[in-house]
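Side chains are part of it too, since the values below use all heavy atoms of this structure and drop only hydrogens, waters and symmetry mates.
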Amino acid sequence: MEQKKISNNSEVLVDLILLATEKQVLKKAVFSKPSDKTILKMVLTLREIGSKPVLQAEYFHKDNKATHKNIALSDAKDILLSVTDTFSQINLISTAGDCEYKVSKSGSSVIIGGDKLRRAISSDTVKTVEISKNNIEKKHILSGSDPFLKLLGISDVNGRIYDKKQLKFRQINRFVEMIRDVEAHLPKDEITICDLCCGKSYLSFAVYHYFANVLNYKVRMTGVDLKPDVVKYCNEVAQQLGFDGLSFVCGDINDFVCEPTPDLVVSLHACDTATDIVIDKAMKWGAKVILSTPCCHHELNHTLNCPTLSFIAEHSMLRQKFCDAATDALRLKLLEANGYRTAALELVEDAPKNIMLRAIKMNGWNENSRAAQRAREEYKKAKDFLLGTQTQK
């Protein structure tokens, strides 16, 4: 048993982790008993991303969320040294054996089994592990030869995606992949869907195609938009494609009534507060899944009233970027306060307006529970902080 100063033991442990990584024998390192009480634990594993090995840190939070951070091997020692001192227990697990790092309440540290593990890792007979790969290319759900893509001008008669439509195709396909990711939370065989502020309705056609033609569901789907010419065009395309369960309505989403209430609500690039209207209606309907990609964010930029943030707000470009992020974070917090499990996801890389807000209705949610009350309080505190006395509800 080796017992040294805590900082020295931290370095010994980090060196062991890096040695196990170098020899490719690291199964995982479990970091527990953190000083940050919002975190349950962190698990470190060796992965390959973009053909390069990295250490991936997966943080498990008390609110049931998980976040990831990829650490380049060249930066690993400095980062792991700073991380290690924030946990009181770390278990290093490898094919050569295990060791444990512990910190007592008095601040002294100990590594159990470190010397033995170092000798075992250095052995020529130690078994290596297979590195998990995150760079396996996903097979697109849509191929380009899908009839609706041809009719909407995304691909030509041979199914080749037009050069100028490559980004749109990736966007559509990624959206459908996100639909696939939440299938387990939606009804089987029969589903009702709403696309609010649908515009030219690329997503409406893609989502309908996926459920009706790929999954063979019975689908009732409605797209809603303010532009009569766009709605007329979309209805004509739906008829040409034989999408009998898909229709489009011209009107204000504030006034739209969906019966039966939808299981899934989607919205792509609803401008400014229109996204808030989409989320509000979806919550009132009790939609099981909400997928919304916001567009412009102006409302908070006009109403921000937080002296603490003046160092950001005095720079117009930074103020807008902050308001973009804060607006979407508030939306997610509101959804949590109404019984949804939430996430902010990237729709496609290298594109503007690429944040997808995902909300999944939690089973058995009790609006009178302590968790519900806490979520509502967090939402109100966040609004009070950003808007000051302007907070209305």
Side-chain angles (χ1 to χ4, degrees), residues 1-138 346 349:
M1 181 181 296
E2 310 105 39
Q3 188 148 1
K4 307 176 184 178
K5 291 182 180 179
I6 185 170
S7 58
N8 290 340
N9 271 337
S10 296
E11 189 165 356
V12 169
L13 179 74
V14 169
D15 286 343
L16 277 170
I17 292 174
L18 295 179
L19 179 61
T21 300
E22 178 188 348
K23 297 293 186 179
Q24 202 174 316
V25 299
L26 177 68
K27 289 184 177 179
K28 61 182 177 180
V30 181
F31 294 62
S32 54
K33 298 182 180 178
S35 56
D36 183 347
K37 299 308 178 184
T38 66
I39 297 172
L40 293 172
K41 64 179 179 179
M42 187 267 277
V43 178
L44 192 70
T45 53
L46 180 60
R47 294 184 177 272
E48 184 178 300
I49 297 177
S51 300
K52 292 182 179 180
V54 301
L55 286 169
Q56 185 174 89
E58 183 174 15
Y59 289 86
F60 296 86
H61 301 266
K62 284 194 174 181
D63 59 2
N64 295 320
K65 294 179 182 176
T67 56
H68 299 81
K69 179 179 181 180
N70 296 324
I71 304 170
L73 297 187
S74 58
D75 302 326
K77 184 162 186 174
D78 289 340
I79 293 174
L80 290 179
L81 280 173
S82 64
V83 169
T84 298
D85 286 341
T86 65
F87 291 85
S88 297
Q89 181 172 326
I90 302 170
N91 293 86
L92 171 56
I93 303 168
S94 76
T95 59
D98 308 335
C99 77
E100 185 176 47
Y101 166 89
K102 299 179 76 174
V103 180
S104 68
K105 290 183 179 179
S106 64
S108 61
S109 68
V110 61
I111 297 179
I112 304 171
D115 286 342
K116 181 180 178 181
L117 179 58
R118 185 181 297 277
R119 291 192 297 270
I121 291 175
S122 301
S123 169
D124 294 332
T125 59
V126 67
K127 182 181 178 182
T128 60
V129 296
E130 183 177 351
I131 302 178
S132 299
K133 297 183 179 181
N134 285 10
N135 59 335
I136 299 174
E137 187 175 336
K138 291 184 178 180
E346 184 179 59
E349 296 178 355

Rounded to the nearest 0.5 Å, how far does CG of Asn91 lie from CG of Leu13? 9.5 Å
Run the numbers on Leu18 and Val14 for side-chain contact (heavy atoms from CB on, under 4.5 Å), then give the verdict. CA-CA 6 Å; Leu18 295 179; Val14 169; 4.0 Å; yes
Could you check if a side-chain atom of Val126 sits within less than 4.5 angstrom of a side-chain atom of Thr95, using non-hydrogen atoms only? yes
Exam field: side chain Lys37 to backbone Pro34, donor-acceptor pair closer than 3.5 Å: yes
Thr128 (side chain) donor-acceptor with Gln24 (main chain) under 3.5 angstrom: no
Is any side-chain heavy atom of Leu26 less than 4.5 Å from a side-chain heavy atom of Leu92? yes
For the pair Thr84 (side chain) and Leu80 (backbone), establish whether a donor and an acceptor sit closer than 3.5 Å, ignoring hydrogens and angles. yes
Under 30°, 30 to 60°, or over 60°: which ring-plane class applies to Phe87 and Phe31, parallel, tilted or perpendicular? perpendicular
Mind checking salt bridge (Lys or Arg N to Asp or Glu O under 4.0 Å) for Lys27 and listing every partner two or more places apart, or none if nothing turns up? none
If you measure from CG on Leu73 to OG1 on Thr21, what distance do you get to the nearest 0.5 Å? 6.5 Å
With rounding to the nearest 0.5 angstrom, report the NZ to CG distance, Lys28 to Leu44. 11.5 Å
Rounded to the nearest 0.5 angstrom, the OG-CD1 distance for Ser74 and Ile79 is 8.5 Å
The reported gap from CD1 in Ile111 to CD1 in Ile90 (rounded to nearest 0.5 angstrom) is 9.0 Å
Separation between CG (Asp15) and CD (Glu22), nearest 0.5 Å, reads 11.0 Å
